[in-house]
Amino acid sequence: MNKRYRVLFFDFDGTICDTYEGIEQILDLTFAHYGLDVDRARYRSFVGPPLNETFEQLIGDRERAYEAVGYFRNLYVSEQAIYKTCLYDGIAEVLERAHASGYTVAVATCKKQEEAERLLEHFGLSEHIDFVSGLCYHVRETKTQVLQYALDALGVSASECLMIGDTRYDVEGAADVRMDCALCLWGFGDYAAIRNSNVVMRVRSPRELAERLLAATE
């Protein structure tokens with residue numbers, strides 16, 4: 001791929017970090033608290049989309065869904081489940097190389113802004129990240145809103161940017177703002193179902209992502 005982007009937007013859950021263990025733990029506790037009987041086989045599909053949408057679908061009431069999300073978020077931090085997270089092998093090197101190559105490196109995630117920033121700091125990645133756009137309830141809650149906020153804040157055109165993520169929410173959010181997307185096949189996505197025209201590449205590992213995106217710029 002020979003197109004030079006100025007800004008690389010990385011999703012967090014399923015792209016930079018495998019956050020499943022901690023999320024699974026707190027989903028169990030939250031569903032039990034609200035009397036929801038949810039098959040664990042569905043849990044992985046809940047990683048990536050805005051949690052308020054997931055809980056609204058399960059509970060059927062918007063305000064109670066926000067309450068449940070608040071319960072989840074409080075437990076996620078207080079029970080230290082936030083740290084039951086691991087970096088995908090090679091992704092730290094991708095972020096470091098991209099930053100060193102002159103890209104503006106940003107995170108665009110439907111994870112709560114403070115949680116994403118805390119984990120980036122925890123893993124020593126903050127020095128390679130120029131900007132973080134995360135979820136802020138009642139302000140920006142969808143991937144489209146998260147990306148548009150970042151575009152406005154950075155003062156760049158979507159045509160100069162690449163979204164790098166693992167689910168249809170990343171792909172569709174990027175499409176909504178007319179941005180290309182690189183689909184990461186190591187996360188939580190239903191990859192066979194994703195056929196959007198803005199997907200310019202599918203990569204099987206962080207190493208492949210670096211080879212296809214960075215080799216020509218170093």
So, do [X] and [Y] sit near enough that their side-chain heavy atoms are less than 4.5 Å apart?
X    : Y    : value
C17  : L119 : no
Q25  : D28  : no
Q113 : V132 : yes
L87  : L125 : yes
T109 : I16  : no
D180 : Y5   : yes
E115 : R73  : yes
V203 : L213 : no

Interatomic distance, [X] atom [atom1] to [Y] atom [atom2] [nearest 0.5 angstrom]:
X    : Y    : atom1 : atom2 : answer
L75  : I26  : CG    : CD1   : 5.0 Å
L29  : E24  : CG    : CD    : 10.5 Å
T15  : F188 : OG1   : CZ    : 9.0 Å
L58  : L27  : CG    : CG    : 9.5 Å
C181 : N196 : SG    : CG    : 8.5 Å
D176 : L147 : CG    : CG    : 9.0 Å

Name the one of E67, E56, E53 that satisfies salt bridge (Lys or Arg N to Asp or Glu O under 4.0 Å) with R62? E56

Scan K143, K111, K112 and name whichever one has a salt bridge (Lys or Arg N to Asp or Glu O under 4.0 Å) with D13. K111

When you look at [atom1] of [X], are more than 12 heavy atoms from neighbouring residues, nucleotides or ligands closer to it than 6.0 Å?
X    : atom1 : result
R204 : CZ    : no
D37  : CG    : no
Q80  : CD    : yes
R207 : CZ    : no
D89  : CG    : no

Side chain [X], main chain [Y], donor-acceptor under 3.5 Å:
X    : Y    : answer
R212 : R202 : yes
Y169 : T144 : no
R168 : G189 : no
R118 : I82  : no
N52  : Y66  : no
D166 : W186 : no

Is there a path from [X] to [Y] through hydrophobic residues (I, L, V, M, F, W, Y) whose side chains come within less than 4.5 Å of each other?
X    : Y    : answer
F72  : L36  : yes
M179 : M201 : no
I164 : V156 : no

Would R44 count as a cation-pi partner of Y20, with NZ or CZ less than 6.0 Å from the six-membered ring centre and within 45° of the ring normal? yes

Can you give me the closest heavy-atom contact between [X] and [Y], atom names plus distance?
X    : Y    : answer
M163 : F10  : CE-C, 4.0 Å
C110 : P50  : SG-CG, 4.0 Å
Y103 : D130 : O-OD2, 3.8 Å
S133 : V146 : OG-O, 2.7 Å
V94  : L214 : O-CD1, 3.9 Å
T85  : F123 : O-CZ, 3.4 Å

Would you sort out whether T104 and F131 count as a side chain to side chain contact (heavy atoms under 4.5 Å, CB included), showing the intermediate values? CA-CA 8 Å; T104 295; F131 188 80; 5.6 Å; no

Assess the pair F31 and Y43: is the distance between their ring centroids shorter than 6.0 Å? yes

Mind checking whether Y71 and Y34 have parallel, tilted or perpendicular rings, split at 30° and 60°? perpendicular

Answer yes if the side chains of Q145 and E141 hold a donor-acceptor pair under 3.5 Å, and no otherwise. no

Which residue in the set L162, L151, V105 passes side chain to side chain contact (heavy atoms under 4.5 Å, CB included) when paired with F9? L151

